[in-house]
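Heads up: numbering here begins at 1 and tracks the sequence. For the numbers below, each heavy atom of this structure counts, side chains included, while hydrogens, waters and symmetry mates do not.
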Amino acid sequence: MATILESIALVTHPSSAISPVVAHRTSSPKFPRYVGLRPKPKPRPIFSTHFTASPTSRIASRTSRLVCEAQDTALDVASITDANWQSLVLESDSPVLVEFWAPWCGPCRMIHPIIDELAKQYAGKLKCYKLNTDESPSTATRYGIRSIPTVVIFKDGKEKDTVIGAVPKSTLTSSIEKFV
């Protein structure tokens with residue numbers, strides 16, 4: 001143990017050259033005050049809360065916080081559960097698009113804005129819903145949903161088309177156009 005303690009190098013002053021300070025072997029070794037670790041001044045954040053452009057501009061400079069514009073454009077696609085599945089999807093008069101998703105799923109979060117756009121684009125012609133597979137597992141199991149995100153289009157209460165994965169808007173649009 002003494003050899004290990006004797007071989008420890010300590011910097012006694014930050015401005016001094018790096019040199020080992022060897023503790024002398026005594027009954028209780030005394031180490032010099034260690035000043036090599038000091039809290040650095042709080043670093044300036046990479047992103048601050050100020051815009052360098054005009055307050056109405058959405059283009060932020062390098063020192064600005066990231067701004068999520070999804071709040072302004074998102075249409076709240078209604079959530080459905082096992083309880084209201086029958087009335088909202090299977091008994092619907094118009095075609096229904098259902099996105100099977102989960103909150104922990106990254107690709108699901110990527111496809112949410114696309115589903116929001118499609119809900120706006122096909123408002124009145126197509127009903128769009130999302131079903132959280134963690135909260136409503138029995139419906140997901142009934143339709144064999146094994147991967148998320150999965151988008152299923154229903155017409156007259158029957159499953160007509162299925163798209164698995166985070167796909168481009170054009171892929172979903174071509175599937176929807178077949179049934180609208």
Side-chain angles (χ1 to χ4, degrees), residues 40 42-180:
K40 292 183 180 178
K42 189 173 181 178
R44 186 177 155 167
I46 295 173
F47 301 107
S48 68
T49 58
H50 303 295
F51 285 101
T52 56
S54 69
T56 58
S57 173
R58 293 212 179 251
I59 300 173
S61 71
R62 184 175 212 168
T63 60
S64 297
R65 273 199 185 175
L66 297 175
V67 177
C68 177
E69 294 181 5
Q71 300 155 352
D72 298 338
T73 59
L75 175 69
D76 288 333
V77 174
S79 294
I80 55 174
T81 62
D82 292 339
N84 58 8
W85 177 264
Q86 180 75 28
S87 62
L88 293 177
V89 177
L90 300 180
E91 296 172 0
S92 175
D93 295 332
S94 61
V96 179
L97 179 143
V98 179
E99 175 196 3
F100 291 86
W101 71 288
W104 48 264
C105 170
C108 297
R109 289 190 301 251
M110 290 170 41
I111 203 170
H112 281 317
I114 296 171
I115 301 297
D116 292 341
E117 289 175 21
L118 291 171
K120 276 184 180 179
Q121 183 179 343
Y122 290 98
K125 298 186 222 173
L126 176 77
K127 294 179 182 176
C128 294
Y129 298 109
K130 57 184 179 180
L131 183 129
N132 185 337
T133 56
D134 290 344
E135 294 174 358
S136 302
S138 63
T139 302
T141 304
R142 185 179 332 143
Y143 289 96
I145 305 301
R146 296 177 149 236
S147 300
I148 52 174
T150 296
V151 176
V152 180
I153 300 172
F154 292 87
K155 188 170 184 181
D156 300 323
K158 294 187 174 115
E159 183 179 348
K160 296 294 183 179
D161 200 5
T162 303
V163 179
I164 299 171
V167 295
K169 183 179 177 181
S170 59
T171 304
L172 292 172
T173 304
S174 64
S175 292
I176 292 168
E177 287 295 328
K178 293 187 247 178
F179 305 104
V180 175

Do L172 and I114 come within less than 4.5 Å of each other through their side chains, counting heavy atoms only?
yes

**Request:** Side-chain contact test, heavy atoms from C-beta onward, threshold under 4.5 Å: evaluate it for V77 versus D116 and give yes or no.
**Result:** yes

Distance, nearest 0.5 Å, that separates [atom1] of [X] from [atom2] of [Y]:
X    : Y    : atom1 : atom2 : value
K125 : I176 : NZ    : CD1   : 10.5 Å
K178 : D161 : NZ    : CG    : 4.0 Å
I115 : K169 : CD1   : NZ    : 10.5 Å
S92  : Q86  : OG    : CD    : 11.5 Å
L126 : S94  : CG    : OG    : 7.0 Å
I80  : N132 : CD1   : CG    : 11.0 Å

Heavy-atom closest pair (D82 atom, S136 atom, distance to 0.1 Å) is OD1-CB, 3.1 Å

Which pairs would a plain distance check flag for residues 99-110, meaning a side-chain donor or acceptor within less than 3.5 Å of a matching protein atom at least two apart in sequence or in another chain?
from: E99; atom 1: OE1; to: H112; atom 2: ND1; distance (Å): 3.2
from: W104; atom 1: NE1; to: D134; atom 2: OD2; distance (Å): 2.8
from: R109; atom 1: NH1; to: P103; atom 2: O; distance (Å): 3.2

*asked:* Set out, in order, the CA-CA distance, both residues' side-chain angles and the distance that settles side chain to side chain donor-acceptor pair (under 3.5 Å) for E177 and Y122, then state yes or no.
replied: CA-CA 10 Å; E177 287 295 328; Y122 290 98; 2.4 Å; yes

Does Y129 form a side chain to side chain contact (heavy atoms under 4.5 Å, CB included) with L97? I'd like the steps, not just the answer. CA-CA 6 Å; Y129 298 109; L97 179 143; over 6 Å; no

Main chain of V167, side chain of T171: is a donor-acceptor contact present, judged purely on distance under 3.5 Å? no

Identify each donor-acceptor pair in which a side-chain atom of residues 142-155 lies under 3.5 Å from a protein atom, sequence neighbours left out, and give them as a table.
from: Y143; atom 1: OH; to: W85; atom 2: NE1; distance (Å): 3.4
from: T150; atom 1: OG1; to: S147; atom 2: O; distance (Å): 2.4
from: K155; atom 1: NZ; to: F179; atom 2: O; distance (Å): 3.3

Residues passing the side-chain hydrogen bond (donor to acceptor under 3.5 Å, both in side chains) test with T133, sequence neighbours excluded, are none

